[in-house]
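Below is one structure; the comments refer to it alone.
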Number of protein chains: 4
Amino acid sequence: MSTVHSVTYQLLRRQGLNTVFGNPGSNELPFLKRFPEDFRYILGLHEGVVVGMADGYSLATGQPVLVNLHAAAGTGNAMGALTNAWYSHSPLVITAGQQARSMIGVEAMLANVDASSLPRPLVKWSYEPACAEDVPRTLSQAIHMANLPARGPVYVSIPYDDWDHELEDDAAQVVRHDVSYAGLPSAAQLEALAENLKQAHSPVLVLGPEVDAVRANSLAVELSERLCMPVWVAPSASRCPFPTRHACFRGVLPAAISGISDKLEGHDLILVIGAPVFRYHQYAPGRYLPQGAQLLHLTGDVQEAARAPVGDALVGDIHATLEALLPLLAQSDRVLPTPFLCHHLRRFPPDV
Amino acid sequence: MSTVHSVTYQLLRRQGLNTVFGNPGSNELPFLKRFPEDFRYILGLHEGVVVGMADGYSLATGQPVLVNLHAAAGTGNAMGALTNAWYSHSPLVITAGQQARSMIGVEAMLANVDASSLPRPLVKWSYEPACAEDVPRTLSQAIHMANLPARGPVYVSIPYDDWDHELEDDAAQVVRHDVSYAGLPSAAQLEALAENLKQAHSPVLVLGPEVDAVRANSLAVELSERLCMPVWVAPSASRCPFPTRHACFRGVLPAAISGISDKLEGHDLILVIGAPVFRYHQYAPGRYLPQGAQLLHLTGDVQEAARAPVGDALVGDIHATLEALLPLLAQSDRVLPTPFLCHHLRRFPPDV
Amino acid sequence: MSTVHSVTYQLLRRQGLNTVFGNPGSNELPFLKRFPEDFRYILGLHEGVVVGMADGYSLATGQPVLVNLHAAAGTGNAMGALTNAWYSHSPLVITAGQQARSMIGVEAMLANVDASSLPRPLVKWSYEPACAEDVPRTLSQAIHMANLPARGPVYVSIPYDDWDHELEDDAAQVVRHDVSYAGLPSAAQLEALAENLKQAHSPVLVLGPEVDAVRANSLAVELSERLCMPVWVAPSASRCPFPTRHACFRGVLPAAISGISDKLEGHDLILVIGAPVFRYHQYAPGRYLPQGAQLLHLTGDVQEAARAPVGDALVGDIHATLEALLPLLAQSDRVLPTPFLCHHLRRFPPDV
Amino acid sequence: MSTVHSVTYQLLRRQGLNTVFGNPGSNELPFLKRFPEDFRYILGLHEGVVVGMADGYSLATGQPVLVNLHAAAGTGNAMGALTNAWYSHSPLVITAGQQARSMIGVEAMLANVDASSLPRPLVKWSYEPACAEDVPRTLSQAIHMANLPARGPVYVSIPYDDWDHELEDDAAQVVRHDVSYAGLPSAAQLEALAENLKQAHSPVLVLGPEVDAVRANSLAVELSERLCMPVWVAPSASRCPFPTRHACFRGVLPAAISGISDKLEGHDLILVIGAPVFRYHQYAPGRYLPQGAQLLHLTGDVQEAARAPVGDALVGDIHATLEALLPLLAQSDRVLPTPFLCHHLRRFPPDV
């Protein structure tokens, strides 16, 4: 007969989450028992390390990754690392063992009181299923929530006594639930974008970590060469989206309102791809943009687009958009930027 | 000189939110003073009515709508109506007047303590700006958050003393911030969808309120006729997506797991567009789908797609997807369903 | 055999919550079936009215009162009235029917998604038990949380399928769980209080709604006469703590920082009992206290004491403190204040 | 002229929070500059260590302690240690530096987005003041909230640009705000308690960490000797409330429902002081109490009292209650329990 345990492992296997990063305690034992041969468990001795490893693994593979933490204390230890996972858009599916259901209300030792609030606001979605039957569907939802744009960490708290709960045979239906995403611009949106780029006298490209995350690096190179645009890396970027020895590469933008305006002075069009507009750091108020400049913003993150103080944003699939845009652009007769050789910058961020 | 008040009205005007639905108190007076000639204020005497009117206006116009409520008590009164706005995906931009900043912490009369928590979880996004300067940008973010898919209500709490705060001249930049959305499937995604429909021997169409919201009703009619599919309205729908006297129309699906499986028995492919899978009501456990049936799910709502217990979902722009899909489908040689004349159903839901 | 339903009614009966104020829907039916003869149900047709009636009933009886609302929509409708219940410290035990447990995660119709967050921050405590077995204990906790100082509304969400769940016979133990409260000052605290009052040349008394709530009105009269002090009602009070035709009565303090300082000018000691310090309304910054004045604050509300901007607070049982304090105070030889006859004030607030 | 910085240090000095435990980043610099000579800063290189040190320091001194963390990442790192501080009732006043106010909404680097939600539910109270003027009052409130029963950690997020904000001269009034607590039982409550103890044939004492926290250890010894009661330490206790070589000492109760009933079998009265009833760990359902036993519960924690599944609780000042109770109890003529010499237990928990 099916159990929550057996259906969950079917689900994880089908979704490709065979590697578990964790640091277990007693609450997690019923999940870990009968650990399948085709899964592997990567142990970390502090949850900051566990989430850090999982984050890196997810950035490298581009896939959702399973993390298993111990109740409130284990989750708490991990929350510093979650600030990185959040801004790196890492699809971490974080699970935490909860006490037995009847022991949560009395706040027994290792009860994770108000578990779904604990990791907020550092997760996209957080939930403790209301009954054992709903655990597999909840994990399916968690995987899809983590993986759909804008990607990011999610959290599921699972009570101790749920794992052995028996399920109807058709409960395994949730294993066959898939979600994909349509993010292509319309012909009109692409035309408008291309037209704006054609009209610009001095466009500049600013690239963020999402370009690297969706493997659009070479498309970005092609775009910069096609339009002979200088390229900056967006401030406070967590990944390197552009080869730093490329002739077009100018460096990393400063993380300040006025600093960015200064660096981009003279450009009439600023095309930002895969970054917030902008992830400032120093408090240096001023104009967001150089006088007369227009900013176009391509991003896969609705919140990034909505909260930006300036610009015209298009939310969609960056990779697909660049692929569709390039054929609409002729080779510019501007001169390619002169290589900006700076010993310092050639090393940091590292070449890709 | 610019003030928060003047820049906010520029922003609202540019984004087309010239109609304000509200029920004001003292906290809202600084927003309402110097109310521009080209704006109109629709007064309701209970906030449930105010949000209900705004919800209907938004459903009818398809646009974001501004609501202005009075602190915690006014917001509280409105929260029953917010449950409808949430599931109708109505882009309501709800603002509430807050006490003067220095009077919030002492919990003065009409202070909205922990204002951003109050409307949760019935809003997509909720915020009280950390300073007066950030009010216009916050409202810009709120409008875009409400309007981007999946649409829904948002909430902004604005302190009394912020409105007269003077701003730098370039603060009005936020007025020129626009966001659009790319939601077309790729050629491969469309091909797969078309192929699935072609292979099906007995496909059935289930339509939800989003079809009506994005004005894809006639595309849905065309699809049902092209493939000679019976059409059901998804359970608990808030809008009518299909003409109820059309030959293909079968009625509204029951709101129960087993009831839906029973009604859809015999179909090998279930195509659900613009609805959750499914918005059940009665508790009647059983198989989610008839034996052997495949479910395809088109939706603009990431959360709807992720939380569904079954099916293969594609998250994107429903209208654009149907437009792109229809040319890929040949006319079926199946017989068009016989009109299902039911006096009862001809009246409810109403013909469109 | 015991069920959640039978044990719950035993609990409610023993704790004296035999009157249920409500407006039910389908989720609440399993609670209401087999409604015992010795209970009564007061129906309201809008939840704002339901909570308003319960609030008034609780203020009048001084006891916790049971409210039963319908899921998220019913709770939402009630939340405006909760702002009053919160600041009146009304011990409302608000219950709401939730969907069947396995239907919450898919967000079935009438599911109360993230139910425990919904009424926050307008409740002291909010919870949805993690399993059926924990429902009676949760309700016991809710009653005690509502009733312990500082009193206030609490919220419990109860899934549809929990009521018929069978319980072990000893589950009814929770019915015999009582909590009382010790709030007497120490001898040293009483001495210090008395000494401060004795040393004052011109003390003044400010009374808030809690004086009326704990039925300490006549103790307050005695105190004012013993020390020949003028008496003000604290601003924005929800109950009348002092007879308004009494010679010592001066009126209701204005709800502004500077206004209060002005009214209390000349007093060297301000004794505030059973009110926040203060519930301001108008924004009129200035000195919190007249030059040289000391403020002593007796309250049963930890948060009221902690958030006050000025004064020395003692958190405890107001009624017991006044009873213990009076024997330590000799009759003052100051002249009793002259009756402040004001036709307007004699009517509002009403005599008690 | 006064600034937020100068008034804050006056406040901290007056309240005795001269020792700061922290791990700073750039957001905290404006607080730390001009660090007064009479303060000391204890640096930890990981926030888990910082909170751990502060927690221990607070347990040892019995006083509120100031912690200063770095934005969201620093707070996140500390949250595992907060689970201990929460259940140890440690009055930690945790502050975290926030970005400049105008940079929070755009989610600049080091912005602590939704800062007051971040540490929940592991703090008693959490707040980010709505303006610079309110920072000193907020910190005063935080200190009092942490220190009033039931004690526990609190959190305040303070924007970067608030520290240099100039204040009116009378803003320093908040420095002179004190709060104390009245927690003595009434004569009737004491009588009832004494009477219950007198009537019992075989009472047993169960002591929790709060006994040690309020330095009532020797009163507990006196009580056990007066009534010749065996003494158990409550399960999962974080502090040792009783000398483990004392004749009455029996050991630490097991952390399971049935285990506790077994150990306490034969007693007709169980007096629990300064502990939850109970902090179970293993899931072993059964009777909460031995057949026929009565449980009396003395605690300073309202939530502990309310959530207990059984017993009659009295919430108040444990130390004062024991002092007042002892004179009402005559020396029992029962035989003092025989020393329970167990090599294992003599070492753990350690003698005090």
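Keep in mind it's a predicted model, so treat the numbers as computed, not measured. Labels below follow one simple rule: chain letters A, B, ... track the order of the sequence lines, proteins then strands, and each chain is numbered from 1. All values below come from the heavy atoms of this structure, side chains included, with hydrogens, waters and symmetry mates left out.
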What's the spacing between [X] [atom1] and [Y] [atom2] if we round to 0.5 Å?
| X | Y | atom1 | atom2 | result |
| --- | --- | --- | --- | --- |
| C:H319 | D:S186 | NE2 | OG | 12.0 Å |
| D:D317 | C:L184 | CG | CG | 11.5 Å |
| D:Q303 | C:K124 | CD | NZ | 8.5 Å |
| C:R120 | D:R120 | CZ | CZ | 9.0 Å |

What's the shortest heavy-atom distance between D:Q189 and C:S180, and which atoms?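 Nearest pair, atom of D:Q189 first, then C:S180: NE2-OG, 3.7 Å.
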
If I measure from the heavy atoms of chain C, does D:L314 come under 4.5 Å with its side chain, its backbone, both, or neither?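 Interface part for D:L314: both.
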
What part of D:E168 gets within 4.5 angstrom of chain C, counting heavy atoms only: side chain, backbone, both, or neither?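 Contact with chain C is absent: no heavy atom of D:E168 under 4.5 Å.
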
Looking only at heavy atoms and a cut-off of under 4.5 Å, which of D:A142, D:G183, D:P136 has the most pairs with chain C?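 Ranked by heavy-atom pairs under 4.5 Å with chain C, first place is D:G183.
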
Who among [options] has the most heavy-atom pairs with chain D under 4.5 Å?
| options | result |
| --- | --- |
| C:V310, C:N147, C:L148 | C:V310 |
| C:G316, C:P185, C:G311 | C:G311 |
| C:V277, C:I143, C:T321, C:D312 | C:D312 |

Residues in residues 287-300 of chain D that sit under 4.5 Å from chain C, counting heavy atoms only: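 The stretch touches chain C at D:R287, D:Y288, D:L289.
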
Close side-chain approach of D:R307 and C:R137, heavy atoms under 4.5 Å: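 Touching, per the 4.5 Å side-chain cut-off.
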
Is any side-chain heavy atom of C:V315 closer than 4.5 Å to one of D:V179?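 Yes. Closest side-chain heavy atoms under 4.5 Å.
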
Evaluate C:M145 against D:V302 for side chain to side chain contact (heavy atoms under 4.5 Å, CB included), listing each step before the verdict. CA-CA 7 Å; C:M145 284 301 294; D:V302 163; 4.1 Å; yes

Check: C:H177 side chain, D:A305 main-chain N or O, donor-acceptor pair, under 3.5 Å: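 Checking the backbone N and O of D:A305 against the side chain of C:H177, a donor-acceptor pair under 3.5 Å is found.
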
